[in-house]
Structures are given as C-alpha cells and as structure tokens.
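Reviewing the structure listed below.
Proteins get letters first, then strands, A, B, ... in listed order; numbering begins at 1 in each.
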2 protein chains.
Amino acid sequence: MVVRGDVYDRNCPTRVIANHATGQWGSLVLGKLLDDGGGTKRFSELRREVSGISEKMLAQTLQALERDGLVHREVHPVIPPRVDYSLTALGTHAAKQISELFGWIEENLPSFMAAQDEYDARRAEKV
Amino acid sequence: MVVRGDVYDRNCPTRVIANHATGQWGSLVLGKLLDDGGGTKRFSELRREVSGISEKMLAQTLQALERDGLVHREVHPVIPPRVDYSLTALGTHAAKQISELFGWIEENLPSFMAAQDEYDARRAEKV
DNA sequence: TCGGGCGCTAACTATTCGTAAGTACCTACC
DNA sequence: GGTAGGTACTTACGAATAGTTAGCGCCCGA
C-alpha cells in the first residue's frame, strides 16, 4: 500500500525528478545554491558561477527544479527586475548529497585521471 | 600544490566524470551494479534491469564508466560471449552515494508529486 | 530449421542543446 | 544625448547528442 517510486522503471515519475536533480546543470545549480548556507542567489549570479551554462538552460533548469519543489523562486517587482532563488527543505537535502559526491570526485581527480590514462594506454597497445 | 578539481569550472575534467557518474544512464548502471553487493552483472542483465536503456547507450555508458575507473570489465572468451561488469573501489563509493540519493527520492515521491501539482495549479490560475 | 540469446557496432533519425539575438526598462559614462 | 551595459528572461535556428533499427557471427532448444 505504500507509494514508493522506482528509478529503474522507465515509467516512474521518480526518474524525471532524478534526472533534474542529478543532470548536468541541475546538479551544479543545486550545489551552488547550497554553497552560501541556504542563502539566496540571483539569476545572474548563478549564470556567472556555474561556468558554461547558457541563459536558456539556466532558466529551463530553474523552472524544472522549482516545479519539483527543490528550489524556491521569489520575484521582487522592482526595476531593474530582481529574482531570488533559494533551496527548499527538499532541495537542501538533495543538494547536500550531490555536493558531497562532487566534493569526493574533486578530491579524487588524480585517481580518475590515472584510470583514464591506463585505459587509453591499454587501448593503444592493443591496436 | 594540491591537485583538486572544480566541477563549477567548465574546463575541469572533473565535470566530465561527474556527468558520467550522475548522468541519466550512468547513475542507474552504477546503482544496479551496487545492488547485488559488489557482485558481477552481465551486459544483458543490465539491459533488462535498467528499463528503457538501449543497447547502444548501455555500451557507451559502460565504456565511459570503465575509462573513468568506476567499473571493471571482464571478458570471458567463450561461446556464447560472456562479459562481466562489476564496480571498482572508486565505483562502489560513487554508487553508494548515488544509490542513497535515489532511495531518498523514491521515498519522497509523494512530496515531489505534491510540489508539482501545486506548481501546475498556480500556473493555471494565473493564466 | 526457426526463433532466440549473446555483446556489441553502424547507419539513420528524432530530440535536445548551445548560440545568438531580441525584449522592455533602467543606470552610468563620455 | 547616444552608446554601452545590466536586469531576467524568451525565441529561432544550427549543431550535437540521444534513441531506433538493423546487422554481425556463433550457438542452443524446440
């Protein structure tokens, strides 16, 4: 009787949410929003801090995360326009997990690079 | 002097690895490989268990994960062909983090669905 | 002998993505 | 006073990426 998702089922809505949260841009946006301890960030701040993201993808990503209830969006009707983004309780939990994983990957970069070199070397000698 | 990655830098190799590990298919493959406690899984097992993945994407995903040193690939030269995939030490750690996040998302599916409904309702009334 | 499974790969197509521009308004500078 | 820049987006279009289909050589069970 319990309602529980299953990411391994292609028809489960869980998978869509997982993709938003762990996707290329979603994960980075969540990570950056966590950075300043649950504070708020503006659209243009995120654009600058998440290097390489386009305005289109940032807008699209933020909308998906907002719909999933991971991010809170607050519009201030002033000129120039000002919109603040922050993590919800749900979003904070997700962001912490992602951020932890990313931190671990960053620390272990040398191991990954070594693995890649080894792989490429093995490939080269077999050809 | 410390070599450490930065996922927020578009030129850092860390980002590529993060994308492989958290991407749509990579994350699910890692999760499934973790499922049987570090055992091995065959190509066709993964294809069946990760619902919706195509053979092309599974092959591509496994190659990327192998190159990054997250997955170990062992070929048995028998007929019919048999290839076993398993997690490396690096991969096990990553898979645990992903799996934890996915489990949490699965448990909280109702919260996410509620957030989406609320978002959609707000949208509808404003139009 | 016919279908199916094994682990891929190659060719083709649909979908998504990134790039560049436009929007409407304001501030600062020369 | 005219131009350059900043705000938060949206739209249009070409490029990259993902998914679909088919094929490979070999074997097994029906």
Rounded to whole Å, the CH2-P distance (W25(B) to dT20(D)) equals 9 Å
Could you tell me how far apart Y85(B) (OH) and dG7(C) (P) are, to the nearest whole angstrom? 8 Å
R82(A) side chain near dC26(C) phosphate (N/O to OP1/OP2, under 4.0 Å): no
Is there a side-chain polar atom (N or O) of R10(B) under 4.0 Å from OP1 or OP2 of dG18(C)? no
Nearest-angstrom distance from the residue atom CD1 of I53(A) to P of dA8(D): 14 Å
Ignoring the backbone of I79(A), work out which of dC26(C), dT10(D), dC6(C) is nearest its side chain. dC26(C)
Take atom CD of E45(A) and atom P of dT7(D), then tell me their distance rounded to the nearest Å. 9 Å
Rounded distance in Å - CE (M57(A)) to C1' (dT11(D)): 15 Å
Please report, rounded to the nearest Å, how far the P atom of dT7(D) is from the CZ atom of R42(A). 6 Å
Backbone N/O of R42(A) and side chain of E45(A): donor-acceptor pair under 3.5 Å: yes
Short side-chain to backbone donor-acceptor contact, T61(A) and W25(A), under 3.5 Å: no
Pick the closest DNA chain D nucleotide for S54(B) and for D84(A) by heavy atoms, then say which residue is nearer the 5' end. D84(A)
R47(B) side-chain N/O to dG5(C) phosphate OP1/OP2 under 4.0 Å: no
Is any side-chain nitrogen or oxygen of Q63(B) closer than 4.0 Å to OP1 or OP2 of dT9(C)? yes
Counting N and O atoms only, with roles assigned by atom type, does the side chain of D68(A) sit under 3.5 Å from a partner on the main chain of L70(A), one being a donor and the other an acceptor? no
Step-by-step salt bridge (charged side-chain N to carboxylate O under 4.0 Å, His left out) determination, R15(A) to D6(A): CA-CA 8 Å; R15(A) 195 178 275 188; D6(A) 177 13; over 6 Å; no
Rounded to whole Å, please give me the gap between NZ in K56(A) and P in dA15(D). 15 Å
Base, sugar-phosphate, or nothing for Q60(A), non-hydrogen atoms under 4.0 angstrom? sugar-phosphate
Consider the side chain of P81(A), meaning its heavy atoms from C-beta on, and name the nucleotide among dA8(D), dA11(C), dC6(C) that approaches it most closely. dA8(D)
Does dT7(D) have its OP1 or OP2 closer than 4.0 Å to a side-chain nitrogen or oxygen of S44(A)? yes
Atom CD of Q24(A) to atom P of dA16(D): distance rounded to whole Å? 15 Å
Parallel, tilted or perpendicular: rings of Y85(A) and F43(A) (30°, 60°): tilted
What nucleotide among dG7(C), dA8(D), dT10(D) has an atom nearest to a side-chain atom of A59(A)? dT10(D)
